[in-house]
Each structure stands twice: as C-alpha cells, then as structure tokens.
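Right, one structure below, let's go through it.
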Amino acid sequence: DAGVIQSPRHEVTEMGQEVTLRCKPISGHDYLFWYRQTMMRGLELLIYFNNNVPIDDSGMPEDRFSAKMPNASFSTLKIQPSEPRDSAVYFCASSSTSGGSYEQYFGPGTRLTVT
Amino acid sequence: AQSVSQHNHHVILSEAASLELGCNYSYGGTVNLFWYVQYPGQHLQLLLKYFSGDPLVKGIKGFEAEFIKSKFSFNLRKPSVQWSDTAEYFCAVSLSGGYQKVTFGTGTKLQVIP
C-alpha cells in the first residue's frame with residue numbers, strides 16, 4: 001500500500017487566497033483525521049470523519065476552514081480566505097476499526113505558508 | 001476535559017545515555033495509550049501502543065513504555081539512545097471501546113549528541 005497520500009507537499013500563497021489541501025487515505029480505512037502542527041500549539045486535531053461522515057469538527061478554528069469527504073478515498077481541507085496565522089504543517093491520517101488496532105497512519109503533510 | 005501532558009519539551013542526551021520521557025493523562029475512563037515519533041522532516045509513526053494486558057509494552061527500535069494506572073502515566077524509556085533517535089516524541093491517548101479520537105501531547109524534542 002502507498003500509505004496516506006497528501007498533496008501538495010508545499011503550498012505558498014498570499015493572504016486572502018483560497019487554499020485546498022488534499023488527502024487520499026489508505027484503502028479500506030474507515031476513519032480520516034485532519035491535524036495542524038505549529039511550533040506554538042503542537043499537534044491539533046481539526047476534524048475527523050467516519051465512513052465519510054464528519055464526526056467531530058470542534059477543532060476547526062473558524063468558519064474560514066471547511067473539510068469534505070465525498071467518498072472513501074478522498075478528502076479536502078479548504079481555507080478561504082487564508083491568513084498568515086494559518087501557516088502550519090497540515091497532516092492527514094487514517095485508521096481502521098477492523099482488528100481493533102486504532103493506530104493512525106499519517107501522511108507526509110502539507111507545509112502551508114501564507115504571506 | 002481530557003488532556004495529555006508531556007513534562008519535557010526539549011531533552012538533550014549523549015549517545016548511550018538512558019532515556020525516559022514522561023507522559024501523564026487526564027481521562028475519566030479506560031484508555032488506549034500510544035507513543036508516536038516524528039523524525040526530522042518526516043511524518044508521525046507509531047512507536048508502541050498499550051490497550052490492555054501487560055503494562056510494560058515493547059516497541060520498535062528498543063523503546064518500551066510502562067503504563068502505571070494509579071499514576072495516570074505512560075512513560076517512554078530506552079536504555080541506550082543513538083544519534084538516530086533524534087526526533088520529536090508524542091504521547092497520545094484515546095478512550096477504549098472503539099472510540100477513535102486521539103488526543104496528542106505537545107511533544108518532546110529529543111536531541112542525541114554523538
């Protein structure tokens with residue numbers, strides 16, 4: 001398996017622009033998570049899905065952030081409009097309830113810089 | 001609210017020194033416990049996990065962790081560190097029973113000096 005795939009790996013954009021981050025989870029995994037990592041706040045859970053349905057979005061910072069999972073193999077995290085304080089590394093992770101593992105498999109991350 | 005505390009933000013050790021990284025959690029029920037590692041420029045990877053049974057858990061690369069329920073702790077240990085262990089280490093907790101949401105600690109950066 002290729003693991004969790006994220007694109008782009010790096011994104012540099014200007015304040016006010018829309019940013020879309022993409023994630024392809026591991027095939028067969030039924031949970032998908034979006035995290036944000038910064039020096040100041042560490043690793044924060046933004047939202048997670050189970051079987052494509054958002055379960056908990058309490059970590060989404062504000063209405064400028066939205067996430068979708070239209071099918072089991074694809075999810076997006078959108079920021080509109082972007083602000084400099086959104087600069088961070090955004091990780092997607094997936095996991096499976098089968099086998100009771102609960103291990104989350106992380107993607108390589110998208111490093112977002114908003115100028 | 002559930003929380004995970006990692007006591008040390010930055011640890012510097014010489015090669016062959018012993019390592020212990022502290023982790024305490026605050027949860028009201030039965031928990032699953034994890035340690036993840038993030039090598040420089042890479043994504044998080046699972047080091048080890050505890051669900052039930054023997055509270056002393058062995059992981060990859062010679063790491064182990066001990067779950068002490070009475071202390072709400074899950075400290076990570078390694079008897080002799082190597083330069084390649086330089087990384088950031090995250091303790092994480094979730095409620096057991098199929099609950100998937102995991103809360104991560106703020107991480108401990110370990111620097112091993114050759």
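Here is the naming used below: chain letters follow the sequence lines, and residue numbers restart at 1 for every chain. The model shown is predicted, which means the values in this text are computed figures rather than measured ones.
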Can you see which heavy atom on B:His43 is nearest to which on A:Phe106, and at what distance?
CD2-O, 3.2 Å
Does B:Tyr25 belong to the same Ile/Leu/Val/Met/Phe/Trp/Tyr cluster as B:Trp35, with side-chain heavy atoms less than 4.5 Å apart forming each link?
yes
Checking heavy atoms, do the side chain of A:Met40, its backbone, both or neither come under 4.5 Å from chain B?
neither
Hydrophobic clustering (ILVMFWY, side-chain heavy atoms < 4.5 Å, transitive) - are A:Val114 and A:Leu77 grouped together?
yes
More than 12 foreign heavy atoms under 6.0 Å from CG of A:Asn71: is that the case here?
yes
Do B:Leu44 and A:Leu43 come close enough that some side-chain heavy atom pair is under 4.5 Å?
yes
Residue B:Gln38 versus chain A: region with a heavy atom under 4.5 Å:
side chain
Short question: side chain of B:Tyr36, backbone of A:Gln104 - any donor-acceptor pair under 3.5 Å?
yes
Is there a continuous path of hydrophobic side-chain contacts, each under 4.5 Å between heavy atoms, that joins A:Val19 to A:Leu46?
yes
Heavy-atom pairs under 4.5 Å with chain B: which of A:Gly42, A:Gly107, A:Gly109 has the most?
A:Gly107
For the CZ atom on A:Arg111, are there more than 12 heavy atoms of other groups (residues, nucleotides or ligands in this structure) within a distance under 6.0 Å?
no
Got B:Val102 and A:Tyr35 here, is their nearest side-chain heavy-atom distance under 4.5 Å?
yes
For A:Glu62, is the CD atom crowded, meaning more than 12 foreign heavy atoms sit under 6.0 Å from it?
yes
Chain B contact via A:Gln37 - side chain, backbone, both or neither, heavy atoms under 4.5 Å
side chain
